[in-house]
Undergrad: 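Below is one structure. I have some questions about it.
Numbers here simply count residues along the sequence, with the first being 1.
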Amino acid sequence: RQSPGRDPSGGAPAVMGEETVAELRVPDVDDAVKRVRALDVAGDDGETADLAPADEAAGNVGTIDDVGDVKARAVALIDDDRLLQAARLLRAHDVHVPIRDPRDAADVKLNAFVPKAAVMEDLIESLKADPRRPGTEWIVQCEHSGRRDVSIYYRMDEETQTKLTARIESPIRKDMLVPFLSVLNESELYKSWLPNWTLPRLRVRRSDKLSQTGRCSQVVLVTVDLPWPFSSRECVLDAWGVDDIDASGDICVLVDSMTPGATMRCGAVVPDVDEKDIVRIDFTGGFLFRKLPDGWDAKRDAARAASSWFGTASAGNAKDSTGPSTGGTSARRASFDSVHSDDDDACTAGGDGTRPCDDRILVSVQMYMDPKLAYVPTSLLNFVIRTVMYTMWCMLLRVAEKVRDGKSEPHRASIAAKARELYDWVRERTGAMLARIFATEPVATA
């Protein structure tokens, strides 16, 4: 079978330019829909057909009787970046992890990987919950703000008032999916596009990839300089990409901090800080890419109407007591959107200036941060919540737009170099995801 994105003659991968974005194009959705329909496991006569991906994704592999075979299948799924499917398979066959007496490499691998599935499942459940549902603890910072349609929510640890949990989400057009994923994956380029501030000082000093395991997992060290008198903060981030498309239609990325001395999946040890004034912090979070929920536009319009009625830039929450009104932030936000509006005259969904259409998916990120500070000044907290998070997210979207349009040479070169080992596969799997999301007929789900 011909690899996606390659020249039919068998030559080099197609090169993405400003006019041709073949390097990042996904398979045609109409063609892929036919492949997705094959996920149904019932034949025309109602009898069960051969095992299909959707059945395996749910862990319904009833023909496997031997526990060793179940473990081997689970390990194969993990190696194929399908951690959640592996966890479902093990649960379906009552294989409990961690395995108390690991006897072979499969047991060791399952003990190392499968516990992360529960963390990821909790993260997905949280990201799919409505942040404005009754009883929620989320505080609304902004909803559907700016030309790229950004919503930001946050909450502070009540005891310390220093530990921050934030949630950001944006709908994006389907042609932005692979570019967005590529920007996330190219961690060594973070420093080239992440914004820096001089007053107050806040800048990314370095972003170094420590290890790469398989296609979708890597460990990255990020160092950030903070305003005086605070010392710099640093975090070693372990990112796990998971393909759950056959079961739920979702792509997930779990990000968790690692402590000095911990062993990475490649076998190397996480180094200690190399400067005495740097403090390692805790971070847990992740990304979720999924179908845009029904009623999203109606909720957005309601939020904007409320903002207009009350004369505010965002649908505020009475619990928001971290500082003054967001008026100044709104002005800066409008300025940012204006300065960077040269990308294209897009609508808030990153489209073509018309009312958002139905070819969008939802990108969400949730993150918990413990900066290891006894006290965080209100001014710094407001700056992070109201300026830094919004600006960084918009820059991420903007860089993804440039990658889509062939205007980021560093990303183009890296994508071309990794086409065989990574991006051909990414295009194929995202094509299956989009086909599943935009299929005109119901698709079997797990």
Side-chain angles (χ1 to χ4, degrees), residues 122-146 148-171 197 200 202 226 255 281-288 293 295-296 298-334 336-337 348 362-394 396-397:
D122 289 342
L123 173 69
I124 293 172
E125 181 180 4
S126 179
L127 281 171
K128 288 189 175 182
D130 185 353
R132 302 210 66 170
R133 68 191 186 281
T136 182
E137 296 181 353
W138 290 110
I139 299 171
V140 180
Q141 169 51 32
C142 68
E143 281 190 316
H144 313 295
S145 174
R148 290 181 175 86
D149 200 347
V150 180
S151 298
I152 301 177
Y153 311 88
Y154 73 98
R155 58 189 179 214
M156 301 297 300
D157 176 71
E158 293 185 0
E159 181 178 351
T160 65
Q161 287 297 305
T162 62
K163 300 173 183 177
L164 170 68
T165 304
R167 172 173 170 175
I168 309 174
E169 52 192 20
S170 291
W197 288 267
L202 187 69
L226 298 181
V255 183
I281 67 171
D282 296 333
F283 182 100
T284 301
F287 290 80
L288 177 64
W296 176 268
K299 290 181 180 179
R300 181 199 59 195
D301 293 343
R304 284 179 173 161
S307 299
S308 176
W309 176 264
F310 290 106
T312 60
S314 63
N317 188 306
K319 293 170 63 179
D320 184 356
S321 58
T322 60
S325 85
T326 60
T329 302
S330 303
R332 288 191 296 272
R333 189 167 292 151
F336 180 91
D337 292 333
T348 57
L362 184 63
V363 181
S364 307
V365 60
Q366 186 166 303
M367 46 195 158
Y368 162 84
M369 294 167 281
D370 179 2
K372 304 293 185 180
L373 291 172
Y375 169 72
V376 179
T378 300
S379 59
L380 178 59
L381 180 61
N382 285 341
F383 178 66
V384 171
I385 293 173
R386 297 173 175 173
T387 301
V388 174
M389 290 193 299
Y390 178 86
T391 305
M392 292 180 70
W393 186 254
C394 284
L396 173 56
L397 292 171

Undergrad: Quick one: closest heavy-atom pair of S170 and R148, and the distance?
TA: OG-O, 3.9 Å
Undergrad: Checking the side chain of T136 only, and the main-chain atoms of P131 only, is there a donor and an acceptor separated by less than 3.5 Å?
TA: yes
Undergrad: Dump the intermediate steps for side-chain contact (heavy atoms from CB on, under 4.5 Å) on R386 and I152, then the final yes or no.
TA: CA-CA 9 Å; R386 297 173 175 173; I152 301 177; over 6 Å; no
Undergrad: Which distance, rounded to the nearest 0.5 Å, do you find between the CE of M369 and the CG of L164?
TA: 4.0 Å
Undergrad: Walk me through whether D149 and W296 qualify under side-chain contact (heavy atoms from CB on, under 4.5 Å).
TA: CA-CA 11 Å; D149 200 347; W296 176 268; 4.0 Å; yes
Undergrad: What is the minimum heavy-atom distance between E143 and V140, and which atoms define it?
TA: CG-CG1, 3.5 Å
Undergrad: So does W138 get a backbone contact from the side chain of R167, meaning a donor-acceptor N/O pair under 3.5 Å?
TA: no
Undergrad: Answer yes or no: is there a side-chain heavy-atom contact under 4.5 Å between D282 and K372?
TA: yes
Undergrad: Going from OG1 on T387 to CD on Q141, what distance comes out if it is rounded to the nearest 0.5 angstrom?
TA: 8.5 Å
Undergrad: Rounded to the nearest 0.5 Å, what's the gap from CG on L288 to CD on E125? Could you check?
TA: 12.5 Å
Undergrad: Between L226 and L202, does the side-chain contact (heavy atoms from CB on, under 4.5 Å) criterion hold? Intermediate values first, please.
TA: CA-CA 5 Å; L226 298 181; L202 187 69; 3.3 Å; yes
Undergrad: So T165 and E137, side-chain contact (heavy atoms from CB on, under 4.5 Å) or not? Walk me through it.
TA: CA-CA 11 Å; T165 304; E137 296 181 353; over 6 Å; no
Undergrad: Let me confirm one number: the OG1-CG distance from T162 to L380, rounded to the nearest 0.5 Å.
TA: 11.5 Å
Undergrad: Which of parallel (below 30°), tilted (30 to 60°) and perpendicular (above 60°) describes F383 and W197?
TA: perpendicular
Undergrad: For residues G286 and L123, report the shortest heavy-atom separation together with the two atoms involved.
TA: CA-CD2, 3.5 Å
Undergrad: Does the side chain of V363 reach to within under 4.5 Å of the side chain of W393, using non-hydrogen atoms?
TA: yes
Undergrad: Calculate, to the nearest 0.5 Å, the distance between atoms CG and NZ belonging to D130 and K128 respectively.
TA: 14.5 Å
Undergrad: Measure across F287 and L127 and return the closest heavy-atom pair with its distance rounded to 0.1 Å.
TA: C-CD1, 4.5 Å
Undergrad: Ignoring hydrogens, what is the shortest heavy-atom contact between I168 and M367? Give both atom names and the distance.
TA: CD1-CE, 3.7 Å
